Amino acid sequence: MTRSGAKKVALRILPLLCLGYVAAYLDRINVSFAALQLNEDLNLSPAAYGLGAGLFFVGYVVFEVPSNLILRRVGAKLWISRIMISWGVISALTALVQSEATFYLCRFLLGVAEAGFLPGAILYVNQWLPPKDRARALSVLAASTALAGLIGSPLSMSLLGLDGMGGLRGWQWLFVLEGIPAVVLGVLVLFALPDTPMAAKWLTDGEKSALQNALDREAGHLERHRFHLLGRSLFRKIGLLGIVYFCMVLGMYGMAFWMPQILQNTLDGTSLSLLGWYNAIPFLAAVVGMLAIGWSSDRFGERKLHVIGALVLASVGCVLAGKATGLAGCLVALSLASIGLWSVIGPFWAFTTARMGGLAAAVGVALINSIGNTGGFFGPYVMGWLKGATADYRVGLNVLALVLVFGAGSMGLVRADRSAETIAD
């Protein structure tokens, strides 16, 4: 497929998927801002808040593989739409929580509703772009999470400022108003995304043929290696990749769910209205960094070392954040950690999906994502437990750094199959 054809495909399918992922990530992490009021209203301890934040990932992981298998049967467009509408509704209903137990329940149900969205989006991208163009596309998709933090940080703090309007607390307005976009976007997906490239009216016959030929070459390679992919590699390669993703997700959400409170500790009486803007700075750095690293990964046709380097950078950032004493140093350290954490995603999934096809892709991507997202439970909970035990974030950040180094080492054990990287060239 020509570069212009790949660009046309990306410009048609990525914007709506990216907006959906912005809404998804925003509805995951908006609890980190709500916590500035919610914890006091519900009398939540640091450990209880961390547990509730992490319970999202329990529901997500439990229903991840079933959701992905249903998606493969009914089609990506219909199932992604269902996922978006249901999580938007549940996110808005979180405004009704009145106790620790109902907070836990809503977080768990939000994870159940969203299960399968990212693997579904990845598989949908794989149906439209050949392997050599995926790292940039997946980096753009992954950049949506950092963009959600960039936009959502000042937005969420502004919504907290609605406190008292209509008899509702600010955190209640936050959940309601940030849940609605997911419902609207879910409806749009039904009408705007074609099911397959062959159904795309905006592709010429030549572009459809070139795209199909590139995807067929990939399918032929994967078919020749199907026993390797589904046999002994299932436990070794998928297991190792799951560990790598677990370490990355643990670090990402261990930091993201606590970042507003970490920064709040450095403000020294400065107005909290600035907190949202300060919190946006690491996400801005992440957007720039991950797009640059995704471009580099595609430019040099290399995935593995990009993943390892990003994890090491994130580890260094976490250590420096634990040592920082002022706002400026803390922001620099959190920005380095954010660049590393978010930059893993594009090269990682490009590396992974180049080795799977058909049912192996549907199950393998879901398994890796499920293993990885258990880190989303442990990250916030461990940070909260250590904060409660030590009254400090330093120990938790150092633990995140060690986990990220372990993830980099695990990636080093994964064999890089160069033929999988070049089958579309």
Side-chain angles (χ1 to χ4, degrees), residues 16-39 41-42 44 49 52-60 63 67 79-99 101-118 120-121 144-192 253 256-257 260 276 279-280 283 373 376 380:
L16 190 52
L17 290 176
C18 287
L19 285 174
Y21 207 12
V22 166
Y25 192 76
L26 187 59
D27 287 338
R28 290 185 190 186
I29 69 164
N30 57 13
V31 70
S32 66
F33 296 97
L36 299 173
Q37 296 177 352
L38 176 70
N39 288 358
D41 286 0
L42 300 187
L44 297 178
Y49 162 71
L55 278 174
F56 166 90
F57 295 95
V58 176
Y60 191 97
F63 287 88
S67 179
W79 197 244
I80 288 175
S81 175
R82 191 286 304 164
I83 289 171
M84 296 174 71
I85 292 171
S86 60
W87 99 55
V89 170
I90 293 172
S91 180
L93 290 176
T94 307
L96 301 178
V97 300
Q98 297 180 346
S99 65
T102 53
F103 174 58
Y104 291 162
L105 178 62
C106 278
R107 291 295 297 175
F108 175 80
L109 292 178
L110 183 64
V112 172
E114 195 186 317
F117 177 75
L118 177 58
S144 304
T145 61
L147 183 62
L150 176 62
I151 297 172
S153 296
L155 173 63
S156 296
M157 289 304 298
S158 297
L159 293 177
L160 288 181
L162 298 177
D163 191 36
M165 192 176 78
L168 297 178
R169 291 281 278 150
W171 62 265
Q172 292 176 303
W173 281 113
L174 185 155
F175 284 126
V176 170
L177 296 179
E178 291 186 355
I180 292 173
V183 177
V184 175
L185 289 168
V187 174
L188 286 177
V189 164
L190 284 175
F191 299 97
Y253 290 107
F257 280 121
N279 199 82
F283 289 106
N373 275 287

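Just so we're clear, the structure is a prediction, and the values are computed from it rather than from any experiment.
- Under 3.5 Å, the side chains of S156 and E178 contain a donor-acceptor pair of N or O atoms.
- In this structure P181 satisfies the side chain to side chain contact (heavy atoms under 4.5 Å, CB included) test with no other residue, sequence neighbours excluded.
- In terms of heavy-atom proximity, V31 sits nearest to A53 at CG1-CB, 4.5 Å.
- In this structure, V183 and V89 approach most closely via the heavy-atom pair CG2-N, 3.9 Å.
- For S153, the side-chain hydrogen bond (donor to acceptor under 3.5 Å, both in side chains) partners two or more places apart in sequence, or in a different chain, are N279.
- Applying the side-chain hydrogen bond (donor to acceptor under 3.5 Å, both in side chains) rule to R107 yields no partners; only residues at least two apart in sequence or on another chain are considered.
- Taking I90 as the reference, L109, L110, A113 meet the side chain to side chain contact (heavy atoms under 4.5 Å, CB included) condition, with sequence neighbours excluded.
- When the side-chain hydrogen bond (donor to acceptor under 3.5 Å, both in side chains) test is applied to T102, the partners found at least two apart in sequence or on another chain are S99.
- F283 places none of its side-chain heavy atoms less than 4.5 Å from the side chain of L147.
- Considering only residues two or more places apart in sequence or on other chains, L162 meets the side chain to side chain contact (heavy atoms under 4.5 Å, CB included) condition with L159, M165, W173, L177.
- Listed by chain and residue number, Y60 satisfy the ring-ring contact (aromatic ring centres under 6.0 Å, His included) test with F56 (two or more places apart in sequence, or in another chain).
- Looking at residues two or more places apart in sequence or on another chain, you find a ring-ring contact (aromatic ring centres under 6.0 Å, His included) between W87 and F117.
- Among residue pairs with one or both ends in residues 16-27, none qualify as salt bridge (Lys or Arg N to Asp or Glu O under 4.0 Å); sequence neighbours excluded.
- Residues satisfying the salt bridge (Lys or Arg N to Asp or Glu O under 4.0 Å) test with E114, not counting sequence neighbours, are R28.
- Y25 is linked by a side-chain hydrogen bond (donor to acceptor under 3.5 Å, both in side chains) to nothing, counting only residues two or more places apart in sequence or in another chain.
- Taken to the nearest 0.5 Å, the CG atom of L190 stands 11.5 Å off from the CG atom of L185.
- Note on residues 148-163: pairs passing salt bridge (Lys or Arg N to Asp or Glu O under 4.0 Å), not counting sequence neighbours, are D163-R169.
- Nearest heavy-atom pair, N30 versus S91, reported as atom, atom and distance to 0.1 Å: ND2-OG, 4.2 Å.
- Contact record, A92 with V176: O-CG2, 3.8 Å, taken as the closest heavy-atom pair.
- S67 contributes a side-chain N or O that, together with a main-chain N or O of A115, makes up a donor-acceptor pair within less than 3.5 Å.
- A heavy-atom distance below 4.5 Å is found between the side chains of W171 and V97.
- At a threshold of 4.5 Å between non-hydrogen side-chain atoms, the residues L38 and Y49 do not count as touching.
- Shown here for F33 and L174, the closest heavy-atom pair between the two residues is CB-CD1, 4.1 Å.
- In this structure, G149 and I29 approach most closely via the heavy-atom pair CA-CD1, 4.3 Å.
- Rounding to the nearest 0.5 Å places OG of S32 at 11.5 Å from OH of Y253.
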